[in-house]
Amino acid sequence: MNNRRDVLRVGLVASLMLGVASFGGISFAQATNALAFDPEAYTELTVTITTDAGDREVTYRFWKAIPYVANPVDVAYQSLNVSAPVAIGGVAVDASNAPILFANSVGGYMPSSVADAEGVGGGGMTGMPMGQGGPTPPAGAEVASGGNAMLNRGERVSNAKLALAAGYVVVEPGARGRTLTDASGVYYGVAPAAIVDLKAAVRYIRHNKGRIPGNTDWIVSSGTSAGGALSALLGASGDSPLFDPYLAEIGAADASDAIFASGDWCPITDLEHADMAYEWNWGANALASGEAADQGVSKKLAAAFEAYQAGLGLEGKVGFGPLTAANYGDYLVRTYLAPAAETYLAALPAADRAAYLAENAFITYAEGKASFSWPDFLVHVGARKKSAPAFDAFDLTTGENNLFGLGTTQARHFTLPSLRAATGDAAAELDADIPEKLKLMNPMGFIAEANSGRARHWWIRVGTKDSDTSLTVVGNLAAALENLGDDVDARMYWDAGHGANEDAAAFIAWIAASTGYGPRV
Ligand code: DHB
């Protein structure tokens, strides 16, 4: 028995005797009992998982819909599923010391539930488009794009399933999301509920060290889009005391919420600076309708990006020097875009490559090296997905406006330029709680502070045609971590859109390399 459990047992006995010990608003005894993982409460399932190395039949233990807090607000969301392989391809495996993939299925900052999942990889955000494996959205629910529908050139990819087929443990947490309302119309899943829930789920895993399968020192988070943003935030903000009051309120276990590694696909993050970044990046691109975004708004925001970027004080990699609004296009081409094009072109059959290059004459390609200009790349991408401002809309209609809702207020402004433009009041100020909410939702601040509880291993990916946010959001996240000396594997997928995951097998291998836990099959 480990020390932690000894301490808990002593605490349990003491609180039963005294009947008064308090723990996160409920008694220590209740919390300890409620949050103990029952190793025997599984069903055994079998699934065939397609991997790069062929189909694998995996027999695994499945623990379903376990509440991860003692005092849930909505247990349909604050529950997690655990899957642990016992045999892969007919060969017995022991996953008791395996890495734990902590795969969230948040999309669009919407609620995500695993309560109805019938096995590994079955979670989904409420409101995920029909036919993509998500639950049926409630009538009138907003349908968000992307979510956990990760795609490899049209084929669905599940990190959770691939991790299981590699012999890892998979934990899939649900989390509250921005659209949830109670009977009085109070929004109870707005910021920071989702990150608080994910942290509580990590604490639950740690609290159950020795009972839950897997190595609790090797928790590797993954997520896409809003889920990618939350995965990055989980990695950056490990053990930050700022979340303690929120965690205590829901009866989270008293344990570390730091994680080992963070995998972040197309993270929709740094929200309070994303409008500026978006116009710097996609400002000149027309909307899909062919109409231009409001150029007055766009130019003002793009100009403001200059000071924002300078203020970050980031250095580009390989001795690039300070990253600025003036050189960021070149930096992206050199560091991410040309290498992405090269990977893409090298993998094409010669005839397809020749045809692609003939259609895309802006690319010069010789001896495996691609070159092109940033302005030509922008023309190549074409339509921008969002109007201006992209995130803090004047009419409060974006998902992010809802994310920063409060009480019975569905949506609020979270940036001064939008608030002031929308109200016509040049002296208007954001609601007093907004700065703290922004801080709790943004990994960049925790990285800028070199938060010591942060993950040290990072996997960051985005498609080059993904205009759900600015490519600088990914560039800055990666650069900030690289500047701290963390282990960062950041790449882009050429011509890929939102939700792309084109090297999932490499991610699984990266987990093995980072932990030193070799694939078991
Ligand atoms: C997602 C997409 C967005 O464009 C956004 O602003 C927030 C979230 C998503 O797919 O999760």
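Every value quoted in this text rests on a predicted model; they were computed, and no experiment measured them. Just follow the structure's listing: the first ligand is 1, and inside any ligand the first atom is 1.
- Near Gly107, meaning under 4.0 Å from one of its heavy atoms, ligand 1 places the atoms 11 (O).
- At least one test fails for Lys385 against the ring of Tyr278: distance under 6.0 Å to the centre or angle within 45° of the axis.
- If you look at Trp265 and Phe507, their ring centroids are closer than 6.0 Å.
- Close contacts between ligand 1 and Gly108 involve ligand atoms 1 (C), 8 (C), 9 (C), 11 (O) [criterion: under 4.0 Å to a heavy atom].
- Taking the six-membered ring where the residue is Trp, the centroids of Tyr344 and Tyr356 are separated by under 6.0 Å.
- Contact atoms of ligand 1 toward Lys386: 3 (C), 4 (O), 5 (C), 6 (O) (distance under 4.0 Å to a heavy atom of the residue).
- Aromatic pair Phe260/Trp458: ring centres not closer than 6.0 Å.
- Ligand 1 places these atoms under 4.0 Å from at least one heavy atom of Glu400: 5 (C), 6 (O), 7 (C).
- Contact annotation for Lys385 and ligand 1: no heavy atom of the residue comes within less than 4.0 Å of the ligand.
- With sequence neighbours excluded, the residues forming a side chain to side chain contact (heavy atoms under 4.5 Å, CB included) with Val75 are Pro67, Pro72, Ser79, listed by chain and number.
- Interface of Phe391 with ligand 1, defined as ligand atoms under 4.0 Å from a residue heavy atom, comprises 6 (O).
- Distances below 4.0 Å separate heavy atoms of Asp468 from the following atoms of ligand 1: 2 (C), 3 (C), 4 (O).
- Applying the side chain to side chain contact (heavy atoms under 4.5 Å, CB included) test to Asn401 and every residue at least two apart in sequence or in another chain returns Asp392, Ala393, Leu396, Thr398, Ala411, His413, Phe414.
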